Chemist: 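Below is one structure. I have some questions about it.
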Amino acid sequence: MRAAVRTNRPRRPPPAATAKLASSSRPKLEKAQVPLTLPLKSFKLRLANGPPLAPTPKAFKSYAETCATLLRLCRAAATATSHAAHASSSSSSDRLPLALSLHAHAVRSGVAADRSVASHLLTTYAAFARAAERDRAFGDCVAADAASSFTYDFMVSEHVKAGDIASARRLFDGMPERTVVSYTTMVDALMKRGRVAEAVELYEQCPSGSVAFFTATISGFVRNELHHNALGIFRKMLSCSVRPNGITFLCMIKACVGAGEFGLALSIVGLAIKSNFFESSIEVQNSLITLYLRMGDAAAARKVFDEMDVKDVVSWTALLDVYSESGDLDGARRVLDAMPERNEVSWGTLIARHEQRGNAAEAVKLYSQMLADGCRPNISCFSSVLSACASLEDLRGGARIHACSLKMGSSTNVFVSSSLIDMYCKCKKCRDAQTIFDTLPQKNTVCWNSLVSGYSYNGKMVEAMYLFKKMPARNLASWNTIISGYAQNRQFVDALKSFNAMLASGQVPGEITFSSVLLACANLCSLVTGKMAHAKTIKLGIEESIFIGTALSDMYAKSGDLQSSKRMFYLMPERNDVTWTAMIQGLAENGFAEESILLFEDMVATGMTPNEHTFLALLFACSHSGLVEQAIHYFDKMQAWGISPTEKHYTCMVDVLARAGRLIEAEALLMKTPSKSEANSWAALLSACNTYKNEEIGERAAKRLHELEKDNTAGYVLLSNMYASCGRWKDAARIRVLMKGTTLKKDGGCSWVQVRGQYHAFFSWEAKHPLSMEIDEILDLLMWESSL
DNA sequence: CTAGGGTTAG
């Protein structure tokens with residue numbers, strides 16, 4: 001069954017083309033083929049007898065009309081061949097020489113300057129894809145003052161079709177009188193290229209309006225995600241008493257969906273039904289499926305689909321998305337298999353949904369199935385599957401798709417190349433990403449952002465900043481990329497510097513910006529900067545956002561201002577699991593273990609589901625306050641909730657047991673740890689063995705620690721300390737010598753304060769601060785005073 | 001010569 005479909009597909013044109021062919025081109029083709037031979041033959045005969053003169057104006061007119069009709073027949077033959085492959089190619093190829101001789105003949109007999117003949121000549125050459133002759137015919141037409149509005153309209157649209165907007169615009173500007181049709185063509189072309197401002201200017205200049213003109217403007221705004229502007233145009237259109245048609249309704253449903261104006265959408269659907277544009281248009285019905293889907297009413301969407309008389313690939317694909325959106329990807333797959341025919345959009349939808357939900361492997365698998373089904377991937381498809389490869393760090397798969405996009409000529413598309421840059425960077429191939437970037441003929445801000453983000457992902461902040469500075473244009477995402485890049489690489493001071501540069505540049509920060517900025521403030525314990533950021537969120541009116549609220553509460557807690565942290569937490573209009581976890585963690589880190597545990601119980605009481613991070617914060621609280629029994633209780637409870645402990649949970653548990661001196665239990669738990677790679681757990685145990693002077697377990701722990709991490713300095717220090725504490729000085733010294741031999745340097749502690757915007761750092765292993773002498777003196781003084 | 005605007009995925 002599937003095999004039959006597969007073999008048929010490449011031969012069959014896409015459904016949209018079929019519909020178009022059926023409605024417009026095919027009747028034309030038949031009309032052209034029947035009378036084609038007869039008049040042309042008689043005309044050839046007349047040509048052979050020499051050009052007839054046109055003695056009376058009436059004869060001249062009829063001769064010109066004949067000429068025009070014949071040229072129309074020639075053109076019809078040309079368009080018929082280019083539209084349908086099954087039309088006999090021989091019949092059209094001999095039409096071009098005929099058209100050429102007709103042209104010559106028309107010139108000789110002086111009818112070439114006839115408006116009708118001139119425009120037919122033009123359209124004939126265009127249909128034969130003879131751009132040079134077309135332009136010459138147009139020039140002659142203008143010179144002979146035979147250029148009608150249609151001629152200009154036609155040429156403007158020819159330039160637009162060729163992608164030459166500059167020429168189209170020049171011609172449009174030079175038109176003796178601009179028509180609504182040309183306004184429509186220009187507005188549409190500019191909108192499709194994202195040049196909204198220029199399009200709007202033309203829209204406002206246009207003195208009148210037609211359905212197509214208003215609809216093109218609406219569609220342009222929708223395309224550029226300016227949905228509310230689209231709604232405004234619709235109102236304007238109605239106030240000009242221009243009646244919307246099926247296409248207008250289609251665009252308006254899209255506009256309402258984009259703007260989230262569902263009520264309005266439904267009344268527009270009502271209007272479409274009343275004016276009979278609903279039943280007659282499969283497209284309007286298809287867009288209604290998506291409308292209900294976006295409204296969250298899957299049942300209604302399904303009902304629309306079921307009640308449709310005629311369904312096409314688009315209807316089926318929309319249904320497929322109804323299943324994907326509700327999370328039923330298996331159901332979506334069943335729809336795909338049940339579809340009478342599939343196209344690249346159907347596959348692409350399923351691939352994209354899998355990719356978005358984190359099923360990257362499935363997305364890649366579906367991609368190969370799509371190829372096997374005979375569908376050619378398009379831009380969005382490449383983009384989704386490359387993102388999937390990026391998250392899988394699948395360099396081989398990604399490179400294969402890169403090769404495929406190269407073959408199909410899509411690799412230089414900005415969407416595809418941004419995904420390629422991202423994919424290579426995630427696979428740690430920054431050089432390849434850079435090469436792709438360098439060879440791009442035109443790049444947009446997204447391409448730049450991808451590479452900047454790629455370098456910061458690989459910890460190369462110098463390169464990232466170099467690129468960032470070179471960017472021709474920066475948007476909010478660019479600033480977010482560089483700021484979060486610094487924050488992720490723990491260069492918090494640089495993150496704040498970039499934030500200040502952002503504000504100075506006039507770019508308004510967004511929620512994502514603040515989450516990085518507040519993270520930086522929290523880690524620098526820079527309460528003053530954090531408060532300033534807080535003030536900015538209030539000014540921007542985003543302090544009520546759940547992300548901002550959580551980040552603020554976290555920042556205050558990490559900076560030690562628990563009062564403010566709690567106030568933020570309790571004032572938040574809504575909280576999620578992350579919010580609760582941050583507060584529980586904040587209390588725990590500041591030593592309020594009991595309060596932390598109470599808050600956890602509150603969280604559960606409100607019906608919120610704790611996640612693995614919540615339990616980690618809770619166990620952390622217990623371990624820092626020596627609440628052994630509680631820790632054991634919550635560790636068991638966590639598993640009852642269906643959350644399996646990670647290495648970090650085990651580390652916390654080992655720590656709390658070991659600190660309480662329950663070394664045997666701690667070691668037993670550690671042996672049960674599924675992944676035995678967590679060196680910190682063994683270090684915690686070793687440290688406790690040091691405190692409780694247990695050499696036997698201590699030596700085993702040290703051995704494991706050494707196996708796991710040869711370069712783990714902490715292990716050496718702990719072991720050495722343990723020997724020292726037991727009085728085994730020789731062993732202690734041996735470890736110290738070993739450390740020196742491995743050129744290991746003991747990691748030291750570091751603390752800092754911020755004074756008038758300047759950071760002062762103090763290291764445990766060396767006195768580096770230039771004022772350390774003075775500081776020590778003051779410290780002595782303070783200690784002496786407090787001892788009085 | 002009756003144009004010019006279009007449904008599904010990202």
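The sequence lines fix the lettering, A, B, ..., with proteins before strands; numbering per chain opens at 1. Just so it is clear, the values below take in all heavy atoms, side chains as well, and ignore hydrogens, waters and symmetry mates. In this text the structure is predicted, and so the values were computed from the model without any measurement.
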Chemist: Give a yes/no on whether any side-chain N or O of A:Lys192 is located under 4.0 angstrom from OP1 or OP2 of B:dG6.
Modeler: yes

Chemist: Are A:Thr481 and A:Ser478 close enough that a side-chain donor and a side-chain acceptor fall under 3.5 Å?
Modeler: no

Chemist: For A:Leu336 and B:dT8, give me the distance from atom CG to atom P, rounded to whole Å.
Modeler: 18 Å

Chemist: Where the side chain of A:Arg353 is defined as all heavy atoms beyond and including C-beta, which of B:dT7, B:dG10, B:dG6 is the nearest nucleotide?
Modeler: B:dG10

Chemist: Just checking A:Thr179: base, sugar-phosphate only, or nothing, at a heavy-atom cut-off of under 4.0 Å?
Modeler: nothing

Chemist: To the nearest Å, how far apart are A:Asp321 CG and B:dA9 C1'?
Modeler: 7 Å

Chemist: Tell me, which of residues 211-236 of chain A have any heavy atom that sits under 4.0 Å from an atom in DNA chain B?
Modeler: A:Val211, A:Ala212, A:Thr215, A:Ala216, A:Ser219, A:Arg223

Chemist: Return yes when atom CZ of A:Arg376 has more than 12 non-hydrogen atoms of other residues, nucleotides or ligands closer than 6.0 Å, and no otherwise.
Modeler: no

Chemist: Rounded to the Å, how far apart are A:Met308 CE and B:dT8 P?
Modeler: 12 Å

Chemist: Using the side-chain heavy atoms of A:Ser281, tell me which of these nucleotides is nearest: B:dG6, B:dG5, B:dA9.
Modeler: B:dG6

Chemist: Side chains of A:Asn480 and A:Asn449: do they bring a donor and an acceptor to under 3.5 Å?
Modeler: no

Chemist: Heavy-atom contacts under 4.0 Å between residues 149-163 of chain A and DNA chain B, which residues?
Modeler: A:Phe150

Chemist: Starting the side chain at C-beta, find the nucleotide from B:dG4, B:dT8, B:dT7 nearest to A:Val345.
Modeler: B:dT8

Chemist: Between A:Gln356 and B:dG10, is there a side-chain N or O to OP1/OP2 distance below 4.0 Å?
Modeler: yes

Chemist: Using the side-chain hydrogen bond (donor to acceptor under 3.5 Å, both in side chains) rule, collect all pairs that involve residues 161-190 of chain A, keeping only residues at least two apart or in two chains.
Modeler: A:Asp153-A:Thr179, A:Asp153-A:Ser182, A:Asp164-A:Ser167, A:Ser167-A:Arg170, A:Arg169-A:Asp173, A:Asp173-A:Arg178, A:Arg178-A:Tyr183, A:Arg178-A:Gln205, A:Asp188-A:Lys192

Chemist: Out of B:dG4, B:dC1, B:dG6, which nucleotide sits closest to the side chain of A:Ser119?
Modeler: B:dC1

Chemist: With a 6.0 Å cut-off on ring centres, are A:Phe172 and A:Tyr152 close enough?
Modeler: no

Chemist: With sequence neighbours left out, write down each residue that passes side chain to side chain contact (heavy atoms under 4.5 Å, CB included) with A:Arg334, or none if nothing qualifies.
Modeler: A:Asp328, A:Asp330

Chemist: Near A:Arg400 CZ, under 6.0 Å, is it more than 12 heavy atoms from other residues, nucleotides or ligands?
Modeler: no

Chemist: Rounded to whole Å, please give me the gap between CG in A:Leu350 and C1' in B:dT8.
Modeler: 13 Å

Chemist: Can you confirm whether more than 12 heavy atoms, excluding those of A:Leu266, are under 6.0 Å from its CG atom?
Modeler: yes

Chemist: Starting at atom CG of A:Asn343, determine the distance to atom P of B:dT7, rounded to an integer number of angstrom.
Modeler: 14 Å

Chemist: Side chains of residues 242-261 of chain A: which donor-acceptor partners sit under 3.5 Å, not counting sequence neighbours?
Modeler:
unit_1, atom_1, unit_2, atom_2, d
A:Asn245, OD1, A:Ile247, N, 3.1
A:Asn245, OD1, A:Thr248, N, 3.1
A:Asn245, OD1, A:Thr248, OG1, 2.9
A:Thr248, OG1, A:Thr215, OG1, 2.9
A:Thr248, OG1, A:Asn245, N, 3.1

Chemist: Nearest to the side chain of A:Val314, which nucleotide is it out of B:dA9, B:dG5, B:dT7?
Modeler: B:dT7

Chemist: Nearest to the side chain of A:Thr185, heavy atoms from C-beta on, is which of B:dG4, B:dG6, B:dA9?
Modeler: B:dG4

Chemist: Just to verify, what does A:Val187 make a side chain to side chain contact (heavy atoms under 4.5 Å, CB included) with, not counting sequence neighbours?
Modeler: A:Met191, A:Ala199, A:Leu202, A:Phe213, A:Thr217

Chemist: Grab the CG-C1' distance between A:Asp312 and B:dT7 for me, whole Å please.
Modeler: 8 Å

Chemist: As a test of reading the structure: which of B:dA9, B:dG4, B:dG5 is closest to the side chain of A:Asn378, going by heavy atoms?
Modeler: B:dA9

Chemist: Measuring centre to centre across the rings, with the benzene-like ring taken for any Trp, is A:Trp448 within less than 6.0 Å of A:Phe437?
Modeler: yes

Chemist: Does A:Thr248 reach a base, just sugar-phosphate, or nothing at all? Heavy atoms under 4.0 Å.
Modeler: base

Chemist: Expressed as a whole number of angstroms, how long is the span from A:Met252:CE to B:dG5:P?
Modeler: 19 Å

Chemist: Strictly below 4.0 Å: does A:Lys254 bring a side-chain N or O up to OP1 or OP2 of B:dG6?
Modeler: no

Chemist: Which whole-number value in Å describes the distance from A:Leu121 CG to B:dC1 P?
Modeler: 12 Å

Chemist: Could you check whether A:Arg294 gets within reach of a base, just the sugar-phosphate, or nothing at all, counting any heavy atom under 4.0 Å?
Modeler: sugar-phosphate

